[in-house]
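A short worksheet on the structure shown next.
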Amino acid sequence: MSWWFKAVLWQRVLIALILGVITGLAFRSFGGTYLVDGITKYAGADFVTTWIKPFGTAFVQLIKMLVVPLVFTTLVTGITAMGHPSKLGTIGMRAFGLYVFTTLVAVSIGLLFGTIFKPGSGVDFTDVAPNVMAAEAPSMTERLINIIPANPVQALASGDMLAIIFFAILLGIAILMVGKAADPVKDFFDSSVQIMFKITHWVMELAPYGVFALITWVTAAKGVETFSSVLMLALALYLGCITHMLLMYGGLVRFVLGLPLIRFFRGILDAQVVAYSTSTSAGTLPVTIACVQDNLGIKPVVAGSVLPLGATINMDGTSLYLGLLALFAANAFGLDLSWADYGLIAMTATLASIGTASIPSASLFMLAIVLPTIGVSPEQIALMVGFILPFDRPLDMMRTMTNVTGDAAVATSVAKWEGELDEKVFREVAKV
Ligand code: ASP
């Protein structure tokens, strides 16, 4: 068993993922079935839900526990480490510009793959009850105003990420402006970050067990046949996300930044697998921050500021998915789309992905923003959400992984351009 503890973390996590799929399938196949209201239930899946899934849930809770304190402290120290508030401007502009650009590319890939794979054609919506209502999205003005926390403590308590980012930035700038008199507070945040990272590394050591439990549960409960109901959608999404990761992020890292691609993907593999198994990019944030700092050599100034913003607003997998779902709806409801419609989908999907919460299946509810632009009614949206939701988990896993990879790619670019990348660490073999 000593080889297990000697293996580097990403290898253990990958082994756990594969074992999870095998174990999940075994429970599903050999546990027997029973009928409830004409629906086949799997006894093995029930067992897994009761006895194995809780370990996965506990792991998710542990990383979620770290999100608010880690983001808050890394963001404040990230800004104080900049030395001057003007640096925040250039980092912010570069990150934001790249976030929007990569998201637009992602939705275009979604539309392209949607045109090729035609998801939704042949889907019969007539016997699907609209059992889930699409959530009412708050207005743009409301969302912008809510970025200012009326009560920062409450924002921290409720994990309201944009509000936390806003307050942390102000606090960081104020510490810089106050200068010497603010040193004790600066030191306090500096040591808090180190302490939070200590806990993060402990929690990451548990990743293989958490991932195993979560993947066993997903496979036992959903099986691989889940894919067949939305086969074309799943195929288009998986291929689209892989294409986006290889071409967009790969191109950025390899050709624009001139860095070795394999190191990049290896360096963030832990974060990718955790994102894949938990389906929440905000939840994965502590692991992403630890990965890019430890394995890619991105300095805290960039990691601490660019990644929390990315986890909140940069969701390329999600925008790609929204593009695909718009074409799914057009096929299923028999709508003819013009070029202008494609443009509208790209624009609204980009905006919607910025506003999507980084939690499981959040993007489905953003259809309420995208689909009305091509003439889909609220009832039809509800019908679609109700239809896709039961199959959404394996799709969510892939887009969350893409979202997290995008955050890391943008952080790498900004770090390189700002001179905040330790290339020796990035290129080092031993670490990863
Ligand atoms: N689960 C995704 C995330 O956390 C959001 C979504 O696409 O539903 O990044």
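Each ligand, and each atom within it, is numbered from 1 in the order the structure gives. Since the structure is predicted, the reported quantities are computational estimates derived from the model, not experimental observations.
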Exercise for review: Around atom 1 (N) of ligand 1, find the nearest protein heavy atom and jot down its residue, atom name and distance.
Suggested key: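 Answer for atom 1 (N) of ligand 1: Asp396 OD1, 2.7 Å.
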Exercise for review: Among all protein heavy atoms, pick out the one at the shortest distance from atom 3 (C) of ligand 1; state its residue, atom name and that distance to 0.1 Å.
Suggested key: Ser281 OG, 3.3 Å
Please identify which atoms of ligand 1 are closer than 4.0 Å to at least one heavy atom of [X].
X      : result
Thr318 : 5 (C), 6 (C), 7 (O)
Ser279 : 1 (N), 4 (O)
Ser361 : 8 (O)
Thr280 : 4 (O)
Ser363 : 6 (C), 7 (O), 8 (O)

Check your understanding: Is the closest side-chain donor-acceptor distance between Thr318 and Asn403 under 3.5 Å?
Key ->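 Yes, a side-chain donor-acceptor pair sits under 3.5 Å.
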Exercise for review: Answer with yes or no whether the side chains of Asp316 and Thr102 bring together a donor and an acceptor at under 3.5 Å.
Suggested key: yes
Any N or O of [X] closer than 3.5 Å to N or O of ligand 1:
X      : answer
Thr400 : yes
Met315 : no
Ala282 : no

Check your understanding: Above 12 or not: heavy atoms from other molecules or residues under 6.0 Å from CD1 of Ile116?
Key ->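 Counting other residues, nucleotides and ligands, CD1 of Ile116 exceeds 12 neighbours.
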Exercise for review: Please indicate whether Met65 has more than 12 foreign heavy atoms, meaning atoms of other residues, nucleotides or ligands, lying under 6.0 Å from its CE.
Suggested key: yes
**Study point:** Results of side chain to side chain donor-acceptor pair (under 3.5 Å) for Ser353 - residues two or more places apart only
**Key:** none
Practice item. Going by the side chain to side chain contact (heavy atoms under 4.5 Å, CB included) test, name the single residue among Ile381, Leu344, Thr348 that passes it with Pro372. Key: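 The residue from Ile381, Leu344, Thr348 that satisfies side chain to side chain contact (heavy atoms under 4.5 Å, CB included) with Pro372 turns out to be Ile381.
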Practice item. Please find out if less than 6.0 Å separates the ring center of Tyr209 from that of Phe59. Key: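 Judged by ring-centre distance (under 6.0 Å), Tyr209 and Phe59 do not meet the cut-off.
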Review point. Given that the side chain starts at C-beta and the backbone is N, CA, C, O, which of these parts of Ile359 lies under 4.0 Å from ligand 1, counting heavy atoms, or is it both or neither?
Key: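 The backbone, only.
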**Study point:** Residue pairs, two or more places apart or on separate chains, that pass ring-ring contact (aromatic ring centres under 6.0 Å, His included) and touch residues 149-169
**Key:** none
